[in-house]
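I have placed the structure first, in the form of structure tokens, so that the comments after it can refer back to it.
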Amino acid sequence: MSENKGSVENIESGSRNFIQQIIDADIAAGVNGGLVHTRFPPEPNGYLHIGHAKAICISFGLANEFGGLTNLRFDDTNPVKEDVEYVDAIREDIKWLGFEPNGGEFFTSDYFDQLYTFALKLIDDGKAYVDDSTAAEIALQKGTPTQPGVANKYRDRTPSENRELFEGMKEGKFEAGSRVLRAKIDLANPNMHLRDPLMYRIMFETHHRTGDKWCIYPMYDFAHGQSDSIEHITHSLCSLEFEVHRPLYDWYIENLEIFPSRQTEFARLNLNYTVMSKRKLLFLVEDKSVDGWDDPRMPTLSGLRRRGYTPASIREFIDRVGVAKRENIIDVGLLEWALRDDLNRVAPRVMAVLNPIKLVITNYPEGKTELLPSVNNPEDPESGSRELPFGRELWMEADDFKLEANRKWFRLAPGKTVRLKSAYIVEYVDHICNSEGEVTEVHVKYFENSKSGSDTSGIKAKGTLHWVESSNAIDAEVRLYDRLFADPNPDGHKDRPFTDFLNPDSLEILTNCKLEPSLAQAEPGTTYQFTRLGYFAPDSRYSKPGTPVFNRTVTLRDSWKG
RNA sequence: UGCCCCAUGGUGUAAUGGUAACACACCUGGUUUUGGUCCAGACAUUUCAGGUUCGAGUCCUGGUGGGGCAACCA
């Protein structure tokens, strides 16, 4: 379970975000007896993304902070868009993030009978009517933001007439789309949502939970607030786009005379170099631009999980981002910072060579091997150490050798001396090139008395290299990811679609990587640090015991300005 | 050209009428058997114009800029 108790900033400085202040005031005033009950209401029509993580952390986190409860409610009022596949994925993502719906799990469709009764009450009170107009006519009659709407003849129908027609709608007597139920509010209201909003439409569609029981389905506005009310949600937290819906949310609650849930809106999360809309993410999936909803480049929670992100790092990121009403675009670098911050503490260090060339220790005895201890995590003394096989022939990183180097080059080059991590200090002797002039082999000599942990050589090596002993190395595929989009705001271009800005180099597959033997059985769920390179996690789809496939989660910070 | 919301360093978020701060990014230096981590330091902020007040980032008025609203979507 999450240990989130508000943000780190809050704990350190005592500052409160505006929602916490609202709740503080409510509690002080004794509203709802001081109870805090929130809800997270996803529509099961797509996978959860990092933006939803903000909503989840806020609603679950706040309830947790105030000793309250949080409901998970699937907002399933539109059967043509929704699917159980998404219900299952959403459940899994929330659990993975570290939250438990301790108030219960519900579906808006659980309330279809109750909502129907609510509608009858408004009809009987003369506050709702059946409209036979077409969608186009209704749109026209609603007017525009600068022009008031006009009433049609159906608006004057009597409650009994409306009741009969609405019951007829429910019984399937009318064609899909032929009639709607509307609230009778104010066709001239400057808020378009109050211009006699639609409550019910006729749809002969099979619902993933209620099957064919219903052929009328409530609209969002006629379902959401009432569902909150039915569940006695005290604080209904949502994103800014619903701000103009709030007067309608309140109107239904007042006129139905039901539990007064209150809605508060905050700015949704935006990240640069990606898109954050289910519609656009779905497009990328269907377009095969990515390898499914959980492609490691996707901002979905399942994608981040497959990439190797930890739930703790995402929670930390959300805490750092804060809560306010201002539109924002967060630098993805902050997400990566939170990730490194967590992984640095918990990720086991291992040796892996991504672009291998041979490293031969000319004065090391042929056929000899020894086992050298190496710490698993210098940040965590309790993680202990493991033994690495060492021998005469090793793999080293091609990038760690350069023919011409200056004083600032700490790695191998003619005349240079380096430390092999957890092993010996070695000095350049020679190198071999292939026909294309590429270095394929580097020869060095080692200093026997420079062994890690018992170094009496007195030699100072500026650089330390990672390596893998050849005969024990295992082969692996490693996938290097870059940002999915090459533009910081792919959505922000008026005349060009966001797909124009897909980064063609967002995936690079390396097939000749050499890993230390302990990684042969690595399983998805653990993210490792490949020493000096970055953090890597076994791919949940392609990695198999014996033939590992690793995703690069994120590189190590690199302050070297070569 | 109607209504609603918003405006604080590069990016975010605080300051609740009383010295504008914190994090990330960037830049310097130190430590280091990861050019990682860690430590120290530097740079950098209230959209504009009026008004109220002893005192305004904060309150009021107006302007400017950004976002949202006219789906039988949520």
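The sequence lines fix the lettering, A, B, ..., with proteins before strands; numbering per chain opens at 1. Because the structure is a prediction, the values reported are computed rather than measured.
As rounded to whole Å, 13 Å separates atom C1' of B/U16 from atom CD1 of A/Ile22. As a whole-Å value, the separation of A/Leu335 CG from B/A25 P is 13 Å. Regarding A/Ile19, its CD1 atom lies at a distance of 10 Å from the P atom of B/A14, rounded to whole Å. Atom-to-atom, NZ of A/Lys460 to C1' of B/U32 comes out at 14 Å; the value is rounded to the nearest Å. Atom C1' of nucleotide B/C24 and atom CD of A/Glu316 are separated by 11 Å, given to the nearest angstrom. Following rounding to the nearest Å, A/Glu265 (CD) and B/C5 (P) show an atom-to-atom distance of 10 Å. When the P atom of B/G12 is taken as reference, atom CZ of A/Arg268 falls 16 Å away, rounded to whole Å. B/G2 atom C1' lies 10 Å from atom CD of A/Gln147, rounded to whole Å.
Evaluation of the side-chain hydrogen bond (donor to acceptor under 3.5 Å, both in side chains) test over residues 221-231 of chain A, restricted to residues two or more places apart or in two chains, returns A/Arg39-A/His224, A/Asn71-A/Glu231, A/Arg73-A/Asp228, A/Arg73-A/Glu231, A/Asp75-A/His224, A/Tyr111-A/Glu231, A/Asp221-A/His245, A/Asp228-A/Ser236, A/Asp228-A/Tyr249.
Only the C1' atoms considered, B/A49 is 10 Å distant from B/U64, to the nearest whole Å. Nucleotides B/G30 and B/U46, compared at atom C1', are 35 Å apart to the nearest Å. Using C1' as the reference atom, B/A74 and B/G18 are 46 Å apart when rounded to the nearest Å. Using P as the reference atom, B/A25 and B/G55 are 42 Å apart when rounded to the nearest Å. B/G63 and B/C3 are spaced 11 Å apart, taking the P atom of each and rounding to whole Å. Only the C1' atoms considered, B/U58 is 35 Å distant from B/A40, to the nearest whole Å. Nucleotides B/C43 and B/U52 have their P atoms positioned 37 Å apart, rounded to a whole Å. Distance noted for atom C1' between B/U16 and B/A56: 13 Å (whole Å).
Between the side chain of A/Ser422 and the base of B/U33, no donor-acceptor pair under 3.5 Å is found.
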Treating primed atoms plus P, OP1 and OP2 as sugar-phosphate and everything else as base, which nucleotides of nucleotides 34-43 of chain B get B, S or - for protein heavy atoms under 4.0 Å? BBBS------
When you check every protein heavy atom under 4.0 Å of nucleotides 66-74 of chain B, what one-letter string (B, S, -) results, 5' to 3'? -SBSBSBBB
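By the ring-ring contact (aromatic ring centres under 6.0 Å, His included) test, A/Phe107 pairs with A/Phe74, sequence neighbours left out. Every residue was checked against the ring-ring contact (aromatic ring centres under 6.0 Å, His included) condition with A/Tyr535, not counting sequence neighbours, and none meets it. For A/Tyr47, the side chain to side chain donor-acceptor pair (under 3.5 Å) partners at least two apart in sequence or on another chain are A/Glu85. Every residue two or more places apart in sequence or in another chain was checked for a ring-ring contact (aromatic ring centres under 6.0 Å, His included) with A/His466, and none qualifies. With sequence neighbours excluded, the residues that form a side chain to side chain donor-acceptor pair (under 3.5 Å) with A/Arg155 are A/Asp196. When the ring-ring contact (aromatic ring centres under 6.0 Å, His included) test is applied to A/Tyr273, no partner is found at least two apart in sequence or on another chain. By the salt bridge (charged side-chain N to carboxylate O under 4.0 Å, His left out) test, A/Glu469 pairs with no residue at all, sequence neighbours left out.
Using a 4.0 Å heavy-atom criterion, one finds that A/Leu465 contacts no nucleic acid atom at all. A/Val323 comes within 4.0 angstrom of the backbone, heavy atoms only, and of no base. Base engagement by A/Gly453 is indicated by at least one non-hydrogen atom pair under 4.0 Å involving a base atom.
For A/Phe530 and A/Phe550, the ring centers sit closer than 6.0 Å to each other. For an aromatic pair to be called close, the ring centres must be under 6.0 Å apart, and A/Tyr116 with A/Phe166 satisfies this. For A/Tyr154 and A/Tyr129, the gap between ring centers reaches or exceeds 6.0 Å.
A/Arg349 and A/Asn377 are linked by a side-chain donor-acceptor pair at a separation below 3.5 angstrom, with hydrogens and angles left out of the test.
An OP1 or OP2 oxygen of B/A15 is reached within less than 4.0 angstrom by a side-chain nitrogen or oxygen of A/Gln21.
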For residues 416-423 of chain A, dump all side-chain donor-acceptor pairs below 3.5 Å to protein atoms at least two apart in sequence or in another chain.
unit_1	atom_1	unit_2	atom_2	d
A/Lys416	NZ	A/Asn406	O	3.1
A/Lys416	NZ	A/Trp409	O	3.2
A/Arg419	NH1	A/Ala423	O	2.7
A/Arg419	NH1	A/Ser450	O	2.7
A/Arg419	NH2	A/Ser450	O	3.4
A/Arg419	NH2	A/Asp455	OD2	2.9
A/Ser422	OG	A/Ser374	OG	2.7

Per-nucleotide pairing state of RNA chain B [Watson-Crick or G-U, under 3.5 Å; [ ] pseudoknot-crossing; | other strand]: .((((((..((((....[..))))..((((.......)))).....(((((..]....))))))))))).....
